[in-house]
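A quick write-up on the structure given underneath.
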Amino acid sequence: MILIIDFGSQYTKLIARKIRQLGVYSLIVTPESAPREIKLHEPEALIFSGGPASVYAKGAPTIAQSVVDCGLPILGICYGLQLICRMSGGLVERSSHREFGKALLRHNGRSPLFRGLDREETVWMSHGDKVTALPAGFRAVAGTANCENAAVVHDRKKIFGLQFHPEVVHTPCGATVLSNFIKTNKITLDWKLKDFIREKQALIKAQVGSGKVLLALSGGVDSATLALFLHQIIPGQIIPVMVNTGLLRDEDHLMPDIFRKEYGLSVKFVDASKVFLSRLSGVTDPEQKRKIIGHTFIEVFEKEALRHKGVKFLAQGTLYPDVIESAGGNKLAAKIKSHHNVGGLPERLPFSLIEPFRELFKDEVRVIARKIGLLPELVGRHPFPGPGLAVRIIGEITEERLAILRKADAIFIEELKTRKLYNKVWQSFCVLLPVQSVGVMGDERTYESLLALRSVGSVDGMTAEWSRLPLEFLAHVSSRIINEVRGVNRVVYDISSKPPSTIEWE
Ligand code: XMP
């Protein structure tokens, strides 16, 4: 296994995911806990992640010298590379050119990390500092026009460093570089999803016995997969509950029906829309919206949970990224937005938690979902954020604006499905803006809302490219929305990628 030490990069989770995809179990830990975690897990290698700080800044995260000197193979990425170099006597300085985006990497053909690659490869850079003088024992094996130490190795120790990010999709050769790190250092391939499922099934059966399990269903793929997973292991013992926040799309309301018809599971649909909408009334700040929704959700679910006497367990579709965040593992990272999902329920409920997907990433859950026979339309559903339509209505949330957005969104999604484009993109939706513009319908002047269409391609939601949907398709969707949705007289298409934008607008 490989321990990943997180210095606060937005991409640390991607490193863990990529390493697992290559068949090696990986865990993310903080720099402070690294010495203890190394003793506990006895990893075969370490990876130092990137991070937003400058290694020479006051208070910048660092690590015990004993970790750098522990003798295990180490791969430093971006900040990780700079930290290793600085701690070993090299020099890291502000670069005269900040390098952000794609760059052409040229390697000297002598490093095992670049085995099987062309001499020139496109890589993705995101740094303002660079290593300007290498410490003794290190040499550069690849560079770019802006950065001569873009990849370095130590002559005798198994220490490797990359200034670029091999974990993001914009570095097409990244998986090969990571795989070469694994092969060169002979790290055991010990991660198989099939074994994992079998182990979890046995564990849950033993843990639950004949007890009852309460389950929070959100409509998303994680909790839907969990419901079916548990239903197959302990049939008749789960009580699925879905909270109507008033911020769901029309299609989300169909979930209880689908579960009843397809799997014979009856879902309790708790309508709390009034509470949510009244607390959100007049609120326009995105973070405040997210906080109100998060707290209200917990409150409503808690009340509902306590109604079911005799229930001993609470099952949640918590994924690994939620676990890392709640453990404070990335307190070094800049806060972009407060994500909320059912993974955030309080542990003080009088139940034992069942979270079989705690160690998994979303794409791994989708593999399980397919294996256990979840309906393909549920497996392939685009992600939908916990705060729902609230973060897709910019400005104030009202019943009227929710109705406009629901209608427009349903048209966009229906057209994507009809044109067989839905499964080709990661996520598509509409955003209602607090902007009105002048239009003309028939002979009448209109002064109505602006609506944005958003569609992105992504592998994991961490980075995303706006989808190049056919122009005549966009024209058709725009015309349908303007004709059929009262209150919208102008439609625009969002052509921003992540980063620097995010997928959701709030
Ligand atoms: P952003 O907008 O941060 O979104 O680029 C990345 C992915 O996460 C989804 N998202 C959320 N999911 N709770 C969730 O469960 C949230 O609060 C939340 N906010 C964003 C978003 O839809 C995209 O797929």
Side-chain angles (χ1 to χ4, degrees), residues 9-14 17 168-170 216-226 242-243 245 247-249 251-252 255 276 280 283 285-298 301 316-326 330 333-345 355 357-358 360-363 365-366 379-394 397 405 409 412-413 422 425-431 452-467 494-506:
S9 165
Q10 302 290 331
Y11 306 125
T12 307
K13 289 171 219 157
L14 289 188
R17 214 180 55 101
V168 303
V169 284
H170 309 294
L217 206 61
S218 70
V221 65
D222 313 328
S223 58
T225 308
L226 180 61
M242 186 168 176
V243 175
T245 56
L247 304 161
L248 301 175
R249 298 158 301 180
E251 61 178 274
D252 300 309
M255 283 296 284
F276 279 90
L280 286 167
V283 178
D285 176 71
E287 275 301 293
Q288 212 188 335
K289 280 183 189 173
R290 283 177 171 271
K291 290 212 174 95
I292 292 173
I293 296 165
H295 292 151
T296 310
F297 189 90
I298 288 172
F301 192 83
Q316 298 193 91
T318 316
L319 301 191
Y320 193 47
D322 310 325
V323 176
I324 307 164
E325 261 153 36
S326 57
N330 69 355
K335 180 162 171 192
I336 312 294
K337 46 180 96 163
S338 327
H339 277 219
H340 140 74
N341 58 22
V342 291
L345 292 173
E355 297 177 311
F357 303 154
R358 263 179 91 79
L360 303 182
F361 289 90
K362 197 171 211 87
D363 52 345
V365 169
R366 281 201 165 121
V379 180
R381 255 182 128 190
H382 290 178
F384 185 61
L389 298 180
V391 290
R392 295 178 178 173
I393 291 184
I394 313 303
I397 299 157
L405 184 59
D409 199 74
F412 187 27
I413 300 300
Y422 184 83
V425 297
W426 160 268
Q427 192 173 9
S428 305
F429 54 90
C430 295
V431 185
L453 305 178
R454 178 85 163 130
S455 179
V456 295
S458 179
V459 183
D460 37 47
M462 304 290 292
T463 59
E465 277 275 320
W466 61 277
S467 316
D494 182 350
I495 53 165
S496 347
S497 292
K498 173 182 179 175
S501 305
T502 53
I503 297 177
E504 304 288 346
W505 280 36
E506 288 194 337

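Remember, it's 1-based here, ligands and their atoms both numbered in the order they're listed.
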Does R381 come within less than 4.0 Å of E251, counting only side-chain N to carboxylate O? yes

Side-chain ion pair, R366 and D363, N-O less than 4.0 Å: no

Strictly under 4.0 Å, does any heavy atom of R290 approach an atom of ligand 1? yes

Would W505 count as a contact of ligand 1 if the rule is a heavy atom under 4.0 Å away? no

Taking only heavy atoms of [X], which atoms of ligand 1 are found under 4.0 Å from at least one of them?
X: G461; result: 6 (C)
X: K498; result: 1 (P), 3 (O), 5 (O), 6 (C)
X: P387; result: 13 (N), 16 (C), 17 (O)
X: W426; result: 24 (O)

Quick one: does [X]'s side chain have a donor or acceptor within less than 3.5 Å of a partner on [Y]'s backbone?
X: D494; Y: L453; value: no
X: S501; Y: K498; value: no
X: K289; Y: A390; value: yes

Ignoring angles and geometry beyond distance, decide whether I503 reaches within less than 3.5 Å of ligand 1 through its nitrogen or oxygen atoms. yes

Got a second to check how far I495's CD1 is from S467's OG, nearest 0.5 Å? 12.5 Å

Heavy atom to atom 23 (C) of ligand 1, shortest distance: which of K362, Q427, E506 holds it? Q427

